Amino acid sequence: MLDARLLRQSPDMYRESLVRRSEPQETHDMFERFLVVDVAWREATQQTEVLKARRNAVSQQVAQYKRTGEDASLLIEEMRVVGEQIKELDDHLRSLDDEMTDILLRLPNIVHESVPQGRDESENVPIREIGEPRTFSFEPKPHWDLGVDLGIVDFERAAKVTGSRFVFYMGLGARLERALMNFMLDVQTTERGYTEVWPPYLVNQASMVGTGNLPKFEDDVFKIREFDYYLIPTAEVPVTNLHRDEILSAEQLPVNYAGYSAAFRSEAGASGRDTRGLIRVHQFNKVELVKFVAPETSYDELERILADAEVILQKLELPYRLIEICTGDLGFKECKKYDLEVWLPAAGMYREISSCTNFEDFQARRSNIRFRRTEKARPEFVHTLNGSGLAVGRTVAAILENYQEADGSVSIPSVLQPYMGGLTRIAAPDKR
RNA sequence: GGAGUGAUGGCCGAGUUGGUCGAAGGCGCUCGCCUGCUAAGCGAGUAUACGCUUUAAAGGCGUAUCGAGGGUUCGAAUCCCUCUCACUCCGCCA
């Protein structure tokens, strides 16, 4: 959510941000509507507050009269009329307020000035490539073929038991998944200063609004029918909302959490894209890094969280590249974002495996997360950031493809071997 | 799922025959005094949001907030309804 006062003071600045994002006309109209409603709201607010001030004063009078035994019926009669006026104005005010809030919750964040201009994802900016993609002496297989042949993933039975875009990990596949979770968490907690968090997988509506997943993206998440609960699309939601409606102290900052959870995505509108394999499924595990920081540090912290995510890929010796997301591809709640893309040799392309984002105070306003610089200072909103560190399923896919051998077996990255009981290779059952 | 109790400011805790309650008192904290040091003592202060004033900042005026939302009333922390959460007992259960 944006600061209403800022929008009112600098509408042109915001209009420009919308243009940079290539927002549709609809969004522009919504913003202009906001400005109109805001004026009406302030007018109505003043009117009703004047009346309420009068009512409060007269009520004191009435109390005075009652005590001294004087007749207050004239005052009471007058206030009955005022009371009705107040009620009418308040109803009006409430509808204006509802409309304004609804618009504010749907207006996208302000793009940071450093974000490269671009129309859509085709204009994202590659920054650097790290690690040399391996040259294969054979045709590298896609991870879904490798995984199925090795008997470590099972999509068919998952489709039977649940539906499409779900997966069973079996045997060493399940163990690899577990090893990666532990490895990633150990690195972040012991080397990079994060506190481990295991959050609830269901959250209420207020939490979804708090991180900016609602009201705009209702279609992307799973909702529990009987309750006001949603399946989390990422640990970002519960972990960020951990401090909703709280005031942190300056010494606490930055607060660094490494949350791990399953993430549930409806993937509405993605039919036909990445239909095979582990890239786009409805449920996957992820280690999510979340930071609460002082505003003036947030862009330094963005570089830091990026480095924290990169270190995982480096230790796993997976080739990847860093790209900066351009204005036109930036998400609704984002000010600035980097993506890390891992090399998938079968497709011969890089695929997103982590996103690192600065939201500035966008989420903090929605969730009312503040801090005090000193004990007496007035509370200010924190900045929140997050980064995937990493999506585990996609990491499994990357390991299978990059570490595959000509005989269909897959060697295990050396940092992972201690987590796999010393195992160095996953081979097909008949070759073990 | 059933029965009951409760939710007040940073914390504890008064206030339930509706009116002088943004809210007693205590603790904590801040500033000042006092003190050889520490402790104690004395005095003052100590919520947040929004609107207006247009303010560089401060200040001033007003409104709202006693778990959340709605209602009754001239007037609600106090009365009524709904919801949320916590605790106790019963049932069920990994």
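Heavy-atom basis, side chains included; hydrogens, waters and symmetry copies ignored. Chain A is the first sequence line, chain B the second, and so forth, proteins listed ahead of strands; every chain is numbered from 1. Worth saying up front: this structure is predicted, and the values here are computed from it rather than measured.
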A86(B) versus G71(B) - spacing of their C1' atoms, nearest Å: 26 Å

So which atom in T240(A) and which in I369(A) form the shortest heavy-atom distance, rounded to 0.1 Å? O-CD1, 3.5 Å

From CZ of R370(A) across to C1' of G10(B) the rounded distance in Å is 13 Å

Salt-bridged, R33(A) to E99(A), with N to O below 4.0 Å? yes

Cationic N near anionic O, under 4.0 Å, E324(A) to K336(A): yes

Same-atom distance (P) from U48(B) to C87(B), integer angstrom: 30 Å

Salt bridge or not for E301(A) and R304(A), using N-O below 4.0 Å? yes

Length of the line joining R365(A):CZ and A49(B):C1', which is rounded to integer Å: 12 Å

Less than 4.0 angstrom from a charged side-chain N to a carboxylate O is my criterion; do R265(A) and E267(A) meet it? no

Round to a whole Å and report the spacing from CG of N368(A) to P of A49(B). 9 Å

Can you check the distance between C80(B) and G19(B), where both ends of the measurement are the P atom (answer in whole Å)? 15 Å

So Y257(A) and H243(A), would you call those rings parallel, tilted or perpendicular, with 30° and 60° as cut-offs? parallel

Taking NZ, NE, NH1 and NH2 as the nitrogens, is one of them in R365(A) or E360(A) under 4.0 Å from a carboxylate oxygen of the other? no

In this structure, how many angstroms lie between the C1' atom of G75(B) and the CZ atom of R80(A), rounded? 12 Å

Range-with-range stems for RNA chain B, at least three Watson-Crick or G-U pairs under 3.5 Å: B:1-7 with B:84-90, B:10-12 with B:25-27, B:28-33 with B:41-46, B:47-53 with B:59-65, B:67-71 with B:79-83

Determine: side-chain N/O of K87(A) to OP1/OP2 of U72(B), distance under 4.0 Å, yes or no. yes

Without decimals, in angstroms, what is the distance between F381(A) CZ and U48(B) P? 13 Å

Listed pairs, N/O of protein and of nucleotides 16-21 of chain B, under 3.5 Å:
residue	atom	partner	partner atom	Å
G19(B)	N2	S59(A)	O	3.4

Hey, is D329(A) close enough to K337(A) for a salt bridge, meaning N to O under 4.0 Å? no

Kindly compute the distance separating CD (Q205(A)) from CG (N213(A)), expressed to the nearest 0.5 Å. 12.0 Å

Protein-nucleotide distance (Q85(A), atom CD; C74(B), atom P), rounded to Å: 14 Å

Write down the distance separating the P atoms in A47(B) and A40(B), rounded off to the nearest Å. 24 Å

Using the P atoms only, state how far C50(B) lies from A44(B), rounded to an integer number of Å. 32 Å

Pair D97(A) + R94(A): basic N to acidic O under 4.0 Å: no

Protein-to-nucleotide contact annotation, 5' to 3' order, nucleotides 50-66 of chain B [B base; S sugar-phosphate only; - none; under 4.0 Å, heavy atom]: SSS---------BBS--

Looking only at atom C1', what distance separates C79(B) and C66(B), rounded to whole Å? 16 Å

Do NZ/NE/NH1/NH2 and the carboxylate oxygens of R54(A) and E78(A) come within less than 4.0 Å? yes

Ion pair R373(A)/E296(A), N-O distance below 4.0 Å: yes

Length of the line joining D245(A):CG and G10(B):P, which is rounded to integer Å: 13 Å

Pairwise P distance for G75(B) and U65(B), with rounding to whole Å: 13 Å

Within this structure, what is the CZ-to-P distance between R94(A) and G71(B), rounded to whole angstrom? 6 Å

State plainly whether the residues D90(A) and K52(A) are in salt-bridge range, i.e. N to O under 4.0 Å. yes

A94(B) versus C12(B) - spacing of their C1' atoms, nearest Å: 38 Å

Testing U48(B), C85(B), U72(B) for proximity to the side chain of Y229(A), the answer is C85(B)

